[in-house]
Amino acid sequence: QVQLVESGGGLVQAGGSLRLSCAASGRTFSTYAMGWFRQAPGKEREFVAAISWSGRDTAYSDSVKGRFTISRDNALNTVYLQMNSLKPEDTAVYYCAADPVVTIRASEYDYWGQGTQVTVSS
C-alpha cells in the first residue's frame with residue numbers, strides 16, 4: 001500500500017514557476033515508478049510526466065516537454081515536478097500516482113494522491 005500527498009500548488013502568473021511535491025508513505029516507494037497527471041475542468045485527466053523507480057528514465061507529454069522536469073528522492077520518499085514558463089493552459093488539478101512500471105496511461109496506475117490545484121493567470 002502506498003499513500004500519496006501532493007503539495008506546492010497555488011496561483012502564479014504566466015511565465016512563472018512552481019514546484020510540486022508528492023510525499024509517499026510506505027517502505028516500497030523506491031520500487032515504484034511515479035507519474036504526474038492533471039485534470040482541467042470539463043476535461044479528461046491527462047498525462048504530464050513519469051519517472052522510473054531509479055530516476056534514470058523519464059517521459060513527458062509534448063505540451064510540457066522542455067518546461068517541466070520530474071525528479072525523485074527515494075531517501076525522502078518524494079517525487080517532484082518543477083514547472084517553469086507556466087501558461088494559463090497549465091491550469092488544472094495536478095495528481096501524482098504510483099505504479100510498478102513506467103506508463104503514461106492513467107488507468108494503469110495503482111495509487112493516486114488527492115491532487116493539488118495549480119492556477120496560472122494571464
Side-chain angles (χ1 to χ4, degrees):
Q1 187 80 9
V2 178
Q3 293 184 324
L4 305 171
V5 179
E6 302 96 336
S7 62
L11 173 64
V12 63
Q13 288 189 330
S17 298
L18 281 175
R19 188 176 81 155
L20 305 183
S21 299
C22 173
S25 65
R27 289 180 289 179
T28 59
F29 172 78
S30 62
T31 66
Y32 280 86
M34 299 296 295
W36 284 98
F37 291 78
R38 66 187 182 186
Q39 188 166 17
K43 295 189 176 181
E44 292 188 354
R45 192 168 297 190
E46 67 168 346
F47 169 74
V48 175
I51 189 167
S52 61
W53 67 269
S54 66
R56 197 171 306 157
D57 300 310
T58 58
Y60 297 92
S61 68
D62 288 342
S63 62
V64 307
K65 198 173 295 182
R67 299 189 298 123
F68 291 11
T69 302
I70 189 171
S71 62
R72 68 189 296 161
D73 187 334
N74 287 341
L76 296 179
N77 279 11
T78 302
V79 63
Y80 305 98
L81 186 68
Q82 177 66 44
M83 306 186 295
N84 298 329
S85 302
L86 282 161
K87 305 175 181 179
E89 51 263 43
D90 294 319
T91 295
V93 177
Y94 283 71
Y95 300 88
C96 67
D99 191 76
V101 298
V102 177
T103 176
I104 67 172
R105 299 182 180 87
S107 60
E108 297 185 8
Y109 279 82
D110 293 337
Y111 302 103
W112 290 85
Q114 303 241 353
T116 185
Q117 176 70 47
V118 171
T119 303
V120 184
S121 63
S122 57

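All values derive from a computational prediction rather than experimental measurement. Both backbone and side-chain heavy atoms feed into the values below; hydrogens, waters and symmetry mates do not.
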Between Lys65 and Asp62, is there a side-chain N and carboxylate O pair less than 4.0 Å apart?
-> yes
Looking at Trp112, is Arg45 sitting on its ring face, NZ or CZ under 6.0 Å from the six-membered ring centre and within 45 degrees of the normal?
-> yes
How long is the span from the [atom1] atom in [X] to the [atom2] atom in [Y], to the nearest 0.5 Å?
{"X": "Met83", "Y": "Asp90", "atom1": "CE", "atom2": "CG", "value": "7.5 Å"}
{"X": "Ser71", "Y": "Leu81", "atom1": "OG", "atom2": "CG", "value": "8.5 Å"}
{"X": "Cys96", "Y": "Gln114", "atom1": "SG", "atom2": "CD", "value": "10.5 Å"}
{"X": "Tyr109", "Y": "Ile104", "atom1": "OH", "atom2": "CD1", "value": "9.0 Å"}

Using the benzene-type ring in the case of Trp, are the ring centres of Tyr95 and Phe37 under 6.0 Å apart?
-> no
For [X] versus [Y], what's the shortest heavy-atom pair and its separation?
{"X": "Ala40", "Y": "Ala92", "result": "N-CB, 3.8 Å"}
{"X": "Ala14", "Y": "Ser122", "result": "CB-CA, 4.4 Å"}
{"X": "Thr78", "Y": "Ser21", "result": "CG2-CB, 4.2 Å"}
{"X": "Glu6", "Y": "Gly115", "result": "OE1-N, 2.8 Å"}

Donor-acceptor side-chain pairing of Tyr94 and Arg38 below 3.5 angstrom = yes
Between the side chains of Ser17 and Asn84, does any donor sit under 3.5 Å from an acceptor?
-> yes
Quick check: do [X] and [Y] have side-chain heavy atoms less than 4.5 Å from each other?
{"X": "Tyr60", "Y": "Thr69", "result": "yes"}
{"X": "Tyr80", "Y": "Ile70", "result": "no"}
{"X": "Val120", "Y": "Gln13", "result": "no"}
{"X": "Val118", "Y": "Leu18", "result": "yes"}
{"X": "Phe68", "Y": "Leu86", "result": "yes"}
{"X": "Glu108", "Y": "Pro100", "result": "no"}
{"X": "Val2", "Y": "Asp110", "result": "no"}
{"X": "Gln1", "Y": "Tyr111", "result": "yes"}

Trp36 and Val79: side chain to side chain contact (heavy atoms under 4.5 Å, CB included), yes or no, with the steps?
-> CA-CA 9 Å; Trp36 284 98; Val79 63; 4.0 Å; yes
Is there a donor-acceptor pair under 3.5 Å between the side chain of [X] and the backbone N or O of [Y]?
{"X": "Arg72", "Y": "Gly55", "value": "no"}
{"X": "Thr91", "Y": "Thr119", "value": "no"}
{"X": "Ser63", "Y": "Ser61", "value": "no"}
{"X": "Asn74", "Y": "Ser54", "value": "no"}
{"X": "Ser25", "Y": "Gln3", "value": "yes"}

Honestly curious: do Phe29 and Tyr32 fall in one hydrophobic cluster under the side-chain, below-4.5 Å linking rule?
-> yes
Answer yes or no: are there more than 12 heavy-atom neighbours, outside Glu89 itself, under 6.0 Å from its atom CD?
-> yes
Should we count CD of Gln117 as having more than 12 external heavy atoms under 6.0 Å?
-> yes
